*Asks:* 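If you scroll down you'll find the structure; I have some questions about it.
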Amino acid sequence: MNVFINKIIPEKGLKLLEEAGITYTMWKEKTILDREQAIYFCKGHDAFISAGQSGLDADFFAQCKHLKVVALHSVGFDGVDVAAATKNGVPIGNTPNVLNRATAETALLLMLTVARKALFLHKKIQKGQWGVAQPTEDLGFDMEGKTLGVVGLGRIGAELARICKQSWNMDILYFNRGRNKEAEQEFGAKKVSFEELLSSSDVVSVHTALTAETKGMFNADAFERMKPTGIFINTSRGGVHDEQALISALEKGVIWGAGLDVTNPEPMKAGNPLLEMENAVVFPHIGSSTVETRGEMSRCVAENIIAGLKGERLPYPVNPEVYDS
Ligand code: DGY
């Protein structure tokens with residue numbers, strides 16, 4: 001049994017594969033495989049480990065229906081045509097839970113960096129502009145007692161809310177389709193409408209999956225509804241916000257600042273105006289990028305592969321319905 005891996009994944013997962021007697025081919029070049037190349041390699045293997053491979057569409061699964069399992073090195077699966085995988089009998093696995101804390105901490109890092117203008121002030125020093133600072137100059141905002149609005153209060157959003165409650169006694173509002181009763185009990189989270197969340201929150205943090213419903217939900221109208229002192233944070237998917245609307249909201253002072261770990265497209269181009277703005281901070285999608293978290297993700301991936309190749313149910317299935325047929 002052999003696996004194709006489209007990027008270099010941590011030792012922890014590779015070791016588990018080796019111990020299970022599974023051989024692998026790992027693409028180590030710093031080039032991104034296109035869909036045709038991915039199909040070519042997958043055709044010569046029994047399983048596929050995909051770290052952000054694009055083009056996993058209906059045609060991919062029609063051509064690669066021999067795959068016994070596709071293990072995603074991510075929790076997100078918005079780039080995968082899951083229905084097509086199911087139709088072709090291919091189980092898809094992901095890496096839930098293990099990246100909750102690291103991703104929540106990334107949102108926190110963005111919140112504080114934006115709230116205290118930290119990156120902008122760092123750049124000022126680089127430019128030799130650390131002069132006489134007036135006591136009224138370049139001031140940021142405290143978090144203590146402020147309101148956090150979480151769009152998508154799932155596992156990652158709840159982790160962020162918990163930290164914000166414990167650290168700064170922040171009030172927690174959330175907008176979800178369903179209720180999160182645990183969060184309501186644990187830290188007094190309050191479910192509100194999207195409009196109320198926008199108008200009442202000092203920090204709005206997005207943790208929702210990218211779906212047809214959430215695509216572009218942060219548009220000009222949404223930013224207009226936020227407080228002029230409001231901070232927008234997105235660590236979920238870049239497609240949830242409209243980048244031009246965000247740039248315009250920041251330029252016109254409609255909102256106070258923004259911190260992004262995700263952009264649309266990724267990678268963001270060097271000349272993007274957000275990179276030059278005083279009140280914007282952009283990270284290159286580092287939500288899960290700690291040694292510990294990436295190691296754990298590779299463990300989940302290996303466990304999915306091992307189970308899939310044995311013909312067993314994946315421990316972390318994205319499409320459990322594949323077992324119904
Ligand atoms: C995920 O796992 O989906 C995160 O966005 C990291 O890629």
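Only this structure's heavy atoms are used, side chains among them; waters, hydrogens and symmetry mates stay out. Counting convention: from 1, in listed order, for ligands and their atoms alike. Note that this is a predicted model, so its numbers are computed, not measured.
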*Asks:* Could you tell me, atom by atom, which parts of ligand 1 come under 4.0 Å of a heavy atom of Ser288?
*Replies:* 6 (C)
*Asks:* Please state which protein non-hydrogen atom is closest to atom 4 (C) of ligand 1 and give its distance, to 0.1 Å?
*Replies:* His285 NE2, 3.7 Å
*Asks:* Which of the numbered atoms in ligand 1 are under 4.0 angstrom from any heavy atom belonging to Val75?
*Replies:* 1 (C), 2 (O), 3 (O)
*Asks:* Side chains of Gln63 and Asp59: any donor to acceptor distance under 3.5 Å?
*Replies:* yes
*Asks:* Considering the heavy atoms of Gly76, write down every atom of ligand 1 situated less than 4.0 Å from one of them.
*Replies:* 1 (C), 2 (O), 3 (O)
*Asks:* Who passes salt bridge (charged side-chain N to carboxylate O under 4.0 Å, His left out) against Glu19, sequence neighbours left out?
*Replies:* Lys15
*Asks:* For ligand 1, which atoms, with element, lie under 4.0 Å from some heavy atom of Arg237?
*Replies:* 1 (C), 3 (O), 5 (O)
*Asks:* Val262: which residues meet the side-chain contact (heavy atoms from CB on, under 4.5 Å) condition with it, sequence neighbours left out?
*Replies:* Asn234, Glu266, His285
*Asks:* Considering only heavy atoms, does Leu99 approach ligand 1 within less than 4.0 Å through its side chain, its backbone, both, or neither?
*Replies:* side chain
*Asks:* Can you tell me if His73 contacts ligand 1 (heavy atom of the residue under 4.0 Å from the ligand)?
*Replies:* no
*Asks:* Are Asn100 and Glu159 close enough that a side-chain donor and a side-chain acceptor fall under 3.5 Å?
*Replies:* no
*Asks:* Going by atom types alone, do Thr106 and Asp261 pair a side-chain donor with an acceptor below 3.5 Å?
*Replies:* no
*Asks:* Trp27 vs Phe41 aromatic rings, parallel, tilted or perpendicular, using cut-offs 30° and 60°?
*Replies:* tilted
